[in-house]
Amino acid sequence: MTAVSSDPEHAFSKPNRDRITLLAGIGVDGDAHAGARVQHRSRVARDPSQPNLRQVHLIGEELFAELDAAGFAVAPGELGENVTTRGVDLLGLPVGAVLRLGPAAVLEVTGLRNPCRQIDDFQPGLLKQVVDRDAAGDVVRRAGVMSIVRVGGPVRPGDPVTVELPAGPHRPLERV
């Protein structure tokens, strides 16, 4: 992975850190979105008793290069992700895929991030770059994946990320 980020405030972007600590069933220690129940403001307003399937947000660094080519300068943490990966096809993973980060941490992928208009507040026009439609007219979300923490532990930039796929048949990711 190339960066780890967290913020105790409900801000859009998250500052990069030298390390973050993942807590089983909670998320990133000290992050505003950590908790067993939903922490995203819009979801809390709807039903605060929902389980938090968005404990850790991951984005592939490759997205930043694509955005740069389209005229948008975006750095790790600026889209609110906690973990920035390199060389992992996050968007191609199925529901339930396991990501091992660093020496001990284990995440389970729950679904796709559903980007909102705050992305356009960050940089006008950016939302259209991370949400598009395919040839069939279906929505394609490219703003990363969400996960829950199965096993906690420290995570640092440079730590390896390994993927374990669940037994098939695989369910494609949907927004969470």
Side-chain angles (χ1 to χ4, degrees), residues 1-6 12-14 16-17 19-20 22 24 27-28 31 33 40 52-116 118-119 122-123 126-176:
M1 73 194 77
T2 60
V4 295
S5 310
S6 67
F12 180 74
S13 296
K14 295 178 186 289
N16 294 157
R17 308 285 181 191
R19 101 179 188 160
I20 57 174
L22 302 181
V28 179
D31 191 79
H33 295 105
H40 287 75
N52 187 2
L53 301 178
R54 300 166 55 103
Q55 294 173 359
V56 181
H57 176 202
L58 301 96
I59 287 183
E61 181 181 70
E62 295 81 2
L63 176 64
F64 302 141
E66 293 175 29
L67 295 175
D68 185 61
F72 296 90
V74 180
E78 288 186 335
L79 293 182
E81 76 277 9
N82 302 108
V83 176
T84 308
T85 65
R86 178 187 301 138
V88 179
D89 181 13
L90 295 172
L91 301 177
L93 295 174
V95 172
V98 170
L99 302 174
R100 295 186 180 276
L101 285 67
V106 179
L107 302 178
E108 180 183 327
V109 177
T110 56
L112 296 168
R113 175 187 183 190
N114 189 32
C116 65
Q118 286 182 325
I119 290 178
F122 173 65
Q123 288 188 39
L126 188 57
L127 183 60
K128 284 189 176 195
Q129 299 297 314
V130 297
V131 178
D132 202 359
R133 294 202 177 265
D134 63 16
D138 295 322
V139 174
V140 176
R141 293 173 178 85
R142 301 177 344 116
V145 300
M146 306 307 288
S147 64
I148 56 175
V149 181
R150 289 292 183 207
V151 178
V155 178
R156 294 175 178 82
D159 281 350
V161 177
T162 58
V163 176
E164 296 174 11
L165 297 177
H170 293 164
R171 283 190 0 220
L173 297 176
E174 297 178 359
R175 69 182 175 98
V176 293

### Heavy-atom check, side chain of Thr85 versus side chain of Leu99, under 4.5 Å
no

### Message
Could you go through Val83 and Val28, starting from their C-alpha distance and side-chain angles, then the distance that decides it, and tell me whether this counts as side-chain contact (heavy atoms from CB on, under 4.5 Å)?
### Response
CA-CA 10 Å; Val83 176; Val28 179; over 6 Å; no

### Message
Suppose we screen for side chain to side chain donor-acceptor pair (under 3.5 Å). Which residues come up paired with Glu81, at least two apart in sequence or across chains?
### Response
Thr84

### Residues Leu91, Leu173; criterion side-chain contact (heavy atoms from CB on, under 4.5 Å); working and verdict
CA-CA 8 Å; Leu91 301 177; Leu173 297 176; 5.7 Å; no

### Task
Could you grab the distance from atom CE of Met146 to atom CG of Leu90, nearest 0.5 Å is fine?
12.0 Å

What donor-acceptor contacts under 3.5 angstrom involve side-chain atoms of residues 154-167, with partners at least two apart or in another chain?
| unit_1 | atom_1 | unit_2 | atom_2 | d |
| --- | --- | --- | --- | --- |
| Asp159 | OD2 | Arg156 | N | 2.8 |
| Glu164 | OE2 | Arg100 | NE | 2.5 |

### Message
If I compare all heavy atoms of Arg113 with all of Pro115, which pair ends up nearest, and what's the gap?
### Response
O-CD, 3.1 Å

#### Entry: Approximate separation, where rounding is to 0.5 Å, of Leu93 CG and Leu58 CG
9.5 Å

### Task
Quick one: pull up CG in Asp132 and CG in Leu127 and give me the separation to the nearest 0.5 Å.
10.5 Å

#### Entry: Ser5 and Asn16: side chain donor to acceptor below 3.5 Å
yes

### Query
At their closest point, which heavy atom of Leu53 faces which heavy atom of Ile148, and how far apart are they?
CA-CG2, 3.8 Å

### Distance (rounded to the nearest 0.5 Å) between Leu107 CG and Leu101 CG
5.0 Å

### Task
Could you walk me through whether Leu79 and Ile59 pass side-chain contact (heavy atoms from CB on, under 4.5 Å), step by step?
CA-CA 9 Å; Leu79 293 182; Ile59 287 183; 3.8 Å; yes

### Query
Would you say the side-chain atoms of Ser6 pair up with the backbone N or O of Asp31, donor to acceptor, closer than 3.5 Å?
no

### Task
Might you point out which heavy atoms bring Asn82 and Val56 nearest each other, and give the distance in Å?
OD1-CA, 3.6 Å

### Task
Would you name the heavy atoms of Ser13 and Phe122 that are closest together and state the gap between them?
OG-CE1, 3.9 Å

### Task
Please answer whether the main-chain N or O of Gly87 pairs with a side-chain N or O of Glu62 as donor and acceptor at a distance below 3.5 Å.
yes

### Query
So among Gln55, Arg54, Lys14, which one has a side chain to side chain donor-acceptor pair (under 3.5 Å) with His33?
Lys14

### Message
I'd like to know if the side chain of His57 reaches the main chain of Ala143, judged simply by a donor and an acceptor atom lying under 3.5 Å from each other, with no hydrogens or angles considered.
### Response
yes

#### Entry: pair Asp68-Val74: side-chain heavy atoms closer than 4.5 Å
no

### Message
Pair Val130, Arg141 - check side-chain contact (heavy atoms from CB on, under 4.5 Å), show working.
### Response
CA-CA 6 Å; Val130 297; Arg141 293 173 178 85; over 6 Å; no

### Task
Say whether, by atom type as modelled, one donor and one acceptor occur between the side chain of Glu108 and the main chain of Arg150 under 3.5 angstrom.
no

### Task
Indicate the atoms forming the closest heavy-atom contact of Glu78 with Phe12, along with that distance.
O-CE2, 3.1 Å

